[in-house]
Undergrad: 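Submitted below is the structure of interest, expressed as C-alpha cells.
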Amino acid sequence: MGLSGFNAATDAEAVAALAACCASPQWSRQLALGRPFGTVDAVVEAADAALAALPAVEIDAALAGHPRIGERSEHASSQREQAAVATADADVLAGLAAGNREYEQRFGHVYLVCADGRPATELLAVLRGRLGNEPAAECRVVHAELGRINAIRLRRMLEEKMISTHVLDAALGRPAAGVAVELEHPDGTRASAVTDGDGRVGTFTGGGPGVHRLRFDTAAYFAATGRTGFYPEVTVAFVLDPDRPHHHVPLLLSPFAYSTYRGS
C-alpha cells in the first residue's frame with residue numbers, strides 16, 4: 001500500500017489494511033482516524049500509543065488473530081513470520097504443540113512471540129522460559145511482543161517499494177539511452193519514464209501487492225538507432241516481494257532477443 005496510499009485510502013480501506021496487521025478493531029479504527037501521517041515512524045509511534053490504550057477485550061481480539069506457533073495459517077503475514085518454523089524437525093514441532101497447550105492452560109490465551117526470522121528451536125526455548133512467568137509479568141511481555149509484531153507488519157505495509165530498471169543494448173555493448181518505459185501497477189494505474197544516458201530509470205514507486213508490468217518501447221528505440229527489431233515492445237511482469245524495499249528489474253536487449261532477471 002505504501003504510506004501515500006494509506007493516507008489516501010478511504011476509512012474502510014485503511015481499517016481493512018490495518019486489520020491484517022492487528023486484529024483489534026479499536027486499534028485499526030484509531031490509527032485510520034489519525035491519518036494523514038507524515039512518516040512511517042509516526043504511524044508506528046501512534047500504533048504503540050493505540051496498543052497501550054486498549055482494554056483487555058481488545059487485547060483478546062488481537063491475540064485471537066494470531067495462530068499458534070508451529071501451526072499452519074492462512075494469514076500471509078503469519079506464514080512469512082513463521083517460515084523458519086515450517087521446516088523444523090518433528091520433535092521440535094511436537095515440543096511446540098505441547099508447550100502451546102501448557103501455555104494456554106496457564107495463561108488463557110495463545111503463546112504470542114515475535115517469530116519473524118527466528119528458528120523453531122529458539123521459539124521453543126522462549127516458550128519454556130515464559131511458562132515460569134507470573135501472569136502479570138507475562139501480560140507485560142505479551143504487550144511488548146504484540147507491539148513488535150505490529151511494527152514489523154506496519155513497516156512492510158507502509159514503506160514504499162521502489163522499482164528501478166537498467167536497459168543494456170547487448171548488440172552495441174552499451175547502455176540503451178532514450179528507451180520509453182511504462183510501469184503498470186496491479187490496479188491498472190500507470191507511470192512512465194525514459195532511460196537516462198546510462199540506460200537507467202530509478203524513479204518508479206511500487207503500487208502495492210500483485211503483478212506489476214514494465215513495458216519497454218523497443219520499436220522506437222531501435223528505429224532511433226537505425227535498426228529494426230523483432231520485438232516491437234518488451235513486457236516484463238513481476239510480483240513485488242514484501243520483504244524487499246527495492247526491486248531492480250534489468251533488461252538485456254538486442255534486435256532479436258532479450259533477457260531479464262531480478263537484480264540487486
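Note that the coordinates shown come from a computational prediction; the quantities given were computed from them, not determined experimentally.
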Undergrad: Do L252 and Y261 make a side-chain contact, defined as non-hydrogen atoms from C-beta onward lying under 4.5 Å apart?
TA: no
Undergrad: Kindly give the heavy-atom pair with the smallest separation between P67 and Q82, and that separation in Å.
TA: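 Shortest heavy-atom contact: CG-NE2, 3.9 Å.
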Undergrad: Got a second to check how far H143's NE2 is from L51's CG, nearest 0.5 Å?
TA: 5.5 Å
Undergrad: Out of curiosity, does V15 fall in the hydrophobic cluster containing V57 (side-chain heavy atoms, cut-off under 4.5 Å, transitive links)?
TA: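 Shared cluster, no.
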Undergrad: Quick check: do E45 and D48 have side-chain heavy atoms less than 4.5 Å from each other?
TA: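 Heavy-atom side-chain distance check fails, nothing below 4.5 Å.
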Undergrad: Could you give the distance from NE2 (H247) to CG (D241), rounded to the nearest 0.5 Å?
TA: 5.0 Å
Undergrad: Given D116, which partner from the list R153, R156, R155 fulfils the salt bridge (charged side-chain N to carboxylate O under 4.0 Å, His left out) test?
TA: R156
Undergrad: Between A88 and L93, which heavy-atom pair has the shortest distance, and what is it?
TA: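 Looks like O-CD1, 3.8 Å.
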Undergrad: Is there a path of hydrophobic side-chain contacts, each under 4.5 Å between heavy atoms, that joins V110 and V126?
TA: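 V110 and V126: one cluster.
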Undergrad: Do the non-hydrogen side-chain atoms of F6 and E13 ever get within less than 4.5 Å of each other?
TA: no
Undergrad: Supply the atom-to-atom distance E159 CD to H246 NE2, rounded to the nearest 0.5 angstrom.
TA: 14.5 Å
Undergrad: Please check: side-chain N/O of R130 versus main-chain N/O of L112, any donor-acceptor pairing under 3.5 Å?
TA: yes
Undergrad: Between F216 and Y221, is there a side-chain heavy-atom distance shorter than 4.5 Å?
TA: no
Undergrad: For a quick test of reading the model, state the closest non-hydrogen atom pair linking A237 to R213 and the distance between them.
TA: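 Here A237 and R213 meet closest at CB-CG, 3.9 Å.
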Undergrad: Check the side chains of E145 and Y111 for a donor-acceptor pair under 3.5 angstrom, ignoring hydrogens and angles.
TA: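 Not at all, the side chains of Y111 and E145 share no donor-acceptor pair under 3.5 Å.
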Undergrad: Heavy-atom distance under 4.5 Å between the side chains of L214 and F238, does that happen here?
TA: yes
Undergrad: Do you reckon V194 sits in the same ILVMFWY cluster as L253, going by side-chain contacts under 4.5 Å, direct or chained?
TA: no
Undergrad: Would you mind reporting whether F37 and L158 have side-chain heavy atoms less than 4.5 Å apart?
TA: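 L158 does not reach F37 side chain to side chain.
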Undergrad: Does a side chain donor of either T189 or D187 reach within less than 3.5 Å of an acceptor in the other side chain?
TA: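 Present: a donor and an acceptor within the cut-off.
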Undergrad: Decide whether I59 and F107 are clustered together by the hydrophobic rule: side chain heavy atoms of Ile, Leu, Val, Met, Phe, Trp, Tyr closer than 4.5 Å, transitively.
TA: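 Yes; F107 is reachable from I59 via cluster members.
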Undergrad: Does R68 pair with E104 as a salt bridge, N-O distance under 4.0 Å?
TA: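 Salt bridge between R68 and E104, a charged N being under 4.0 Å from a carboxylate O: yes.
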Undergrad: How long is the span from the CZ atom in F230 to the CZ atom in F222, to the nearest 0.5 Å?
TA: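 Result: 12.0 Å between the selected atoms.
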Undergrad: Looking at every non-hydrogen atom in both residues, tell me the closest pair between N133 and E138 and how far apart they are.
TA: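 The answer is ND2-OE1, 2.7 Å.
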Undergrad: Is there a salt bridge (charged side-chain N to carboxylate O under 4.0 Å, His left out) between D11 and R29 once you walk through the steps?
TA: CA-CA 8 Å; D11 286 346; R29 288 195 300 270; over 6 Å; no
Undergrad: Considering non-hydrogen atoms only, spot the tightest contact between R128 and G95 and give its length.
TA: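 Smallest heavy-atom distance, with atoms named: NH2-CA, 4.4 Å.
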Undergrad: Check the angle between the aromatic planes of H185 and H212 and answer parallel, tilted or perpendicular using the 30° and 60° thresholds.
TA: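 Because their plane-to-plane angle is over 60°, the rings of H185 and H212 count as perpendicular.
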Undergrad: Looking at E122, I want to see if its CD is surrounded by more than 12 non-hydrogen atoms of other residues, nucleotides or ligands under 6.0 Å.
TA: yes
Undergrad: Which heavy-atom pair separates L96 from L123 by the least distance, and what is that distance?
TA: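 Closest approach of L96 to L123, heavy atoms only: CD2-C, 4.3 Å.
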Undergrad: So, taking the atom named CG in L146 and the one named CG in L63, what distance separates them when rounded to the nearest 0.5 Å?
TA: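 Atom-to-atom, L146:CG and L63:CG are 6.0 Å apart.
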Undergrad: Is a side-chain donor or acceptor of R190 paired with a backbone partner of E182 at a separation under 3.5 angstrom?
TA: no
Undergrad: State, yes or no, whether a side-chain contact exists between L154 and L18 at a heavy-atom distance under 4.5 Å.
TA: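 When only atoms from C-beta onward are counted, L18 and L154 do touch, with a gap below 4.5 Å.
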Undergrad: Donor-acceptor pair, S164 side chain versus V201 backbone, under 3.5 Å?
TA: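 No, the answer is negative, given that no donor and acceptor are paired below the 3.5 Å cut-off.
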Undergrad: Hey, are the side chains of T218 and V167 touching, using non-hydrogen atoms and a 4.5 Å cut-off?
TA: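 Sidechains of V167 and T218: no contact.
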Undergrad: To the nearest 0.5 Å, how far apart are CG in D198 and CZ in R174?
TA: 13.0 Å
